[in-house]
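Nothing here was measured: the structure is a model prediction, and the numbers come from that model. Throughout, numbering of the chain's residues begins at 1 and tracks the sequence.
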Amino acid sequence: MADLEHDVQFEQSGNRGRFFINLGGGQEAEMTFLDRDGTFVVDHTGVPKPFEGKGIALELVKAGVQYARDHDKKIEPVCPYVVMQFKRHKDWDDIAA
């Protein structure tokens, strides 16, 4: 996924899914969602303490935004971090639910 420093991966099982980054040493950063008829309700973003403040959570959100655009999905941010990022990035309004 373009402009990202880490390899952001995607997985979904049923209506639950996540974007995640393997940070090594058994640690992962993730952004989880509930897929409600093509709208990803993003409910959690988590980055392990040693990796906080390095822009990793934003990489996850950007990957989700790009995925939504590429797959005709919408994102409904519920996680406070993602809500804040959507307020900062008005260019994401096209995929906001």
Side-chain angles (χ1 to χ4, degrees):
M1 297 184 182
D3 293 28
L4 300 178
E5 190 173 318
H6 296 91
D7 178 28
V8 179
Q9 299 175 61
F10 171 84
E11 64 184 11
Q12 184 171 356
S13 178
N15 65 349
R16 296 289 317 172
R18 70 183 187 138
F19 293 87
F20 66 100
I21 298 170
N22 181 341
L23 298 167
Q27 298 198 71
E28 290 182 336
E30 70 174 1
M31 179 178 78
T32 61
F33 64 86
L34 172 67
D35 187 345
R36 243 189 232 143
D37 298 320
T39 296
F40 288 173
V41 180
V42 177
D43 53 9
H44 172 73
T45 305
V47 176
K49 287 256 185 246
F51 297 93
E52 287 179 352
K54 300 178 191 289
I56 294 172
L58 182 56
E59 284 188 57
L60 292 166
V61 180
K62 286 181 176 180
V65 167
Q66 190 60 54
Y67 185 93
R69 285 186 175 141
D70 291 347
H71 295 89
D72 198 28
K73 305 275 187 187
K74 296 285 186 185
I75 293 179
E76 179 183 335
V78 176
C79 165
Y81 177 79
V82 181
V83 168
M84 177 187 65
Q85 291 302 333
F86 265 76
K87 287 180 181 174
R88 289 182 178 170
H89 294 87
K90 294 301 179 189
D91 56 315
W92 297 350
D93 286 354
D94 61 313
I95 52 101

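Linking Ile, Leu, Val, Met, Phe, Trp and Tyr residues whenever their side-chain heavy atoms come within less than 4.5 Å leaves Leu23 and Phe20 in two separate clusters. Residues Val65 and Val83 do not share a hydrophobic cluster, clusters being chains of Ile/Leu/Val/Met/Phe/Trp/Tyr side chains in contact below 4.5 Å.
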Verdict with supporting geometry, Gln9 and Asn22, side chain to side chain donor-acceptor pair (under 3.5 Å): CA-CA 8 Å; Gln9 299 175 61; Asn22 181 341; over 6 Å; no
Derivation of the side chain to side chain contact (heavy atoms under 4.5 Å, CB included) call for Thr32 and Val42: CA-CA 6 Å; Thr32 61; Val42 177; over 6 Å; no
Step-by-step side chain to side chain contact (heavy atoms under 4.5 Å, CB included) determination, Asp7 to Ile21: CA-CA 6 Å; Asp7 178 28; Ile21 298 170; over 6 Å; no
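Rounded to the nearest 0.5 Å, atoms CD (Gln85) and OG1 (Thr45) are 9.0 Å apart. The NE2 atom of His71 sits 10.0 Å away from the CD atom of Gln66 when rounded to the nearest 0.5 Å. Considering CD1 of Ile56 and CD of Glu5, their distance stands at 7.5 Å, rounded to 0.5 Å. Leu58 CG to Met84 CE: the interatomic distance, rounded to the nearest 0.5 Å, is 8.5 Å. Rounding to the nearest 0.5 angstrom, the gap separating the NE2 atom in His89 from the CD1 atom in Ile95 is 11.5 Å.
When all heavy atoms are compared, the tightest approach of Ala97 to Thr39 is CB-CG2, 3.6 Å. Between Phe19 and Gly64, the closest heavy-atom pair is CZ-CA, 3.7 Å. Nearest approach of Phe33 to Asp35, heavy atoms of both residues: CD1-N, 3.9 Å.
Of the charged side-chain nitrogens involved, at least one lies within less than 4.0 Å of a carboxylate oxygen, so that Lys49 and Glu52 count as a salt-bridged pair. Of the charged side-chain nitrogens involved, at least one lies within less than 4.0 Å of a carboxylate oxygen, so that Arg16 and Asp43 count as a salt-bridged pair. Under the 4.0 Å criterion applied to side-chain N and carboxylate O atoms, Glu28 and Arg18 are assigned as salt-bridge partners. Look at Arg69 and Asp94 and you find a salt bridge, because one of the NZ, NE, NH1 or NH2 atoms lies within 4.0 Å of a carboxylate O, short of that distance.
The closest side-chain heavy-atom distance from Asn15 to Arg36 is not below 4.5 Å. Contact of the Phe86 side chain with the Ile75 side chain is registered, since non-hydrogen atoms from C-beta on lie closer than 4.5 Å.
Within a 6.0 Å sphere centred on CG of Asp93, other residues, nucleotides and ligands contribute more than 12 heavy atoms.
The aromatic rings of Tyr67 and Phe40 lie parallel to each other, with less than 30° between the two planes, well short of the 60° mark.
No donor-acceptor pair closer than 3.5 Å links the side chain of Tyr81 to the backbone N or O of Val61. With hydrogens and angles ignored, the 3.5 Å screen pairs no side-chain donor or acceptor of Gln27 with any backbone N or O of Pro48.
Here Val78 is tied into one hydrophobic group with Leu34, Val41, each link being a pair of ILVMFWY side chains closer than 4.5 Å.
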